[in-house]
Structures are given as structure tokens and as C-alpha cells.
Amino acid sequence: MKLGPLNHVGVATPSIPESIAFYRDVMGATEIHEPFDMPAQGVKVCFVDTPAQDGGQGTQIELIEPLGEDSPIHGFLKANPKGGQHHMCYEVPDIHVAKAEFEAMGKKVLGEPRIGAHGTLIFFVHPKDMGGVLTEIMETPKDG
Ligand SMILES: CC[C@H](C(=O)O)C(=O)SCCNC(=O)CCNC(=O)[C@H](O)C(C)(C)COP(=O)(O)OP(=O)(O)OC[C@H]1O[C@@H](n2cnc3c(N)ncnc32)[C@H](O)[C@@H]1OP(=O)(O)O
Ligand SMILES: [Co+2]
């Protein structure tokens, strides 16, 4: 496994509008994207850009709000009603190679790769095998 770029930090919230106001008014975010629904993943999503350093690629805050009864983040918000840091997402060049590597290390991969919020294949690795951090692995978009 080779550590790839941190694509985003997932932050669960009971209210994307309230979190947008927080990142805009408290944190001074200037690049806040339009929220969009991902019914297949049971979440509403809103990306907040963080500034790039030294001409590199910045990372993003991924605000996620439950969408539908079966949202996978209802449990998290029940335990953390105000929301909180939910997952970390790293990029890999090849999602299938990465999945095989995690499985070979005995890490619990949650389900099969599916399309994520950036339109490329993703999967999650269970927090119990990742030092308590729900970890999302995402294939780098081909257009860079
Ligand atoms: C895909 C669109 C978008 C993208 O970027 O492309 C997203 O990122 S969407 C993000 C939302 N989707 C997911 O999170 C899918 C993967 N997650 C899951 O399958 C579940 O959340 C799971 C299995 C990690 C936890 O499910 P659940 O909360 O129902 O299980 P438990 O309550 O029984 O928790 C088990 C155990 O794990 C601990 N836990 C739960 N969530 C987290 C978390 N986010 N970070 C760290 N630890 C977590 C929980 O405290 C329990 O621990 P225990 O010691 O056993 O009490
Ligand atoms: Co994510």
C-alpha cells in the first residue's frame, strides 16, 4: 500500500445549511459547492474547498447529512447529535488493487466498490481495523 493524497475529510452534520454557515462565517471558507443528493449512498453532500498549499492540490471538507431512512450515518448522528468528524478519504491509482491489498492485510472492507461523490469508485474500511478511523479509499479521477 502507498499512502495517497488526502482527498477529503468527511464531517457528518444534522444540517448542511448550518454547517455551511459555520464554515463560511467562522472558518472563512470562500469556496463552498452546491449541496447534492446521493440517494444510493443515503447522504446529501456538500464540499467545502480548503486552500491549496505551495501550488499543490488542496483538500476538501465533505459535509454529509442523512438522506432517507436507511442512511448509514443515522447511527453516527444518534451517538453524536451535533455531528462530527466521520471519515477520512485517501486517493489510490487503482481501486481494485487497493481493495485486494487491504483484504490481504485482514482489514474489513465494507461492500464492493461503488461510485462515490467525485464520480469514481470508492470503498470503506471498517474503523475497528483502522485505528478507530472509518477510512474511505477513492480512485483518483482520471482527469486528475
Ligand atoms: C459515498 C459518498 C461519500 C463519498 O465521499 O463518496 C461518502 O463518504 S458517504 C459517507 C457515509 N457512508 C458510509 O459511511 C458508508 C460506510 N459506513 C458504514 O458502513 C457504517 O457507518 C459503519 C459500518 C462504519 C458503522 O455502522 P453503524 O454506525 O451502524 O455501526 P455501529 O453503530 O454498530 O458502530 C460499530 C462500531 O464502529 C464505530 N463507528 C461507527 N461509525 C464510526 C465512524 N464514522 N468513525 C469511527 N468509528 C465509528 C462505533 O462507535 C462502534 O464502535 P464500538 O466500539 O463497537 O461501539
Ligand atoms: Co467521503
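The analysis underlying the following values was restricted to heavy atoms, covering all of them including side chains, and did not include hydrogens, waters or symmetry mates.
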Inset, instruction - Determine, stepwise, if the pair Glu62 / His87 fulfils side chain to side chain donor-acceptor pair (under 3.5 Å). - result: CA-CA 9 Å; Glu62 179 187 71; His87 64 277; 3.0 Å; yes
Legend entry - Exam field: side chain Thr59 to backbone Leu6, donor-acceptor pair closer than 3.5 Å: yes
Legend entry - Minimum side-chain heavy-atom gap Pro66-Leu77 below 4.5 Å: yes
Legend entry - Short side-chain to backbone donor-acceptor contact, Asp129 and Lys108, under 3.5 Å: yes
Inset, instruction - Check whether any side-chain heavy atom of Ile20 sits under 4.5 Å from a side-chain heavy atom of Leu63, and report yes or no. - result: yes
Inset, instruction - Indicate the ring-plane relationship of His8 and Phe47, choosing parallel, tilted or perpendicular according to the 30° and 60° boundaries. - result: perpendicular
Legend entry - Under 3.5 Å: donor-acceptor pair, side chain of Asp94, backbone of Val97: yes
Inset, instruction - Using distance alone, with no hydrogens and no angle criterion, decide if His96 and Glu139 have a side-chain donor and acceptor under 3.5 Å apart. - result: no
Inset, instruction - Return the minimal non-hydrogen interatomic distance between Gly58 and Ala52, and the atom names on each side. - result: N-CB, 3.5 Å
Inset, instruction - Indicate yes or no for a side-chain donor-acceptor contact from His118 to the backbone of Thr140 under 3.5 Å, with no hydrogens or angles considered. - result: no
Legend entry - Lys/Arg-Asp/Glu bridge criterion (N-O < 4.0 Å) met for Lys44, Asp37: yes
Inset, instruction - Give a yes or no on whether the backbone of Gly42 and the side-chain of Ser71 come within a donor-acceptor separation of less than 3.5 Å. - result: yes
Legend entry - Flag, side chain of Thr13 to backbone of Ser19, donor-acceptor distance under 3.5 Å: no
Inset, instruction - Mind checking salt bridge (charged side-chain N to carboxylate O under 4.0 Å, His left out) for Glu103 and listing every partner two or more places apart, or none if nothing turns up? - result: Lys99
Legend entry - Backbone of Met88 reached by a side-chain donor or acceptor of Glu136 within 3.5 Å: no
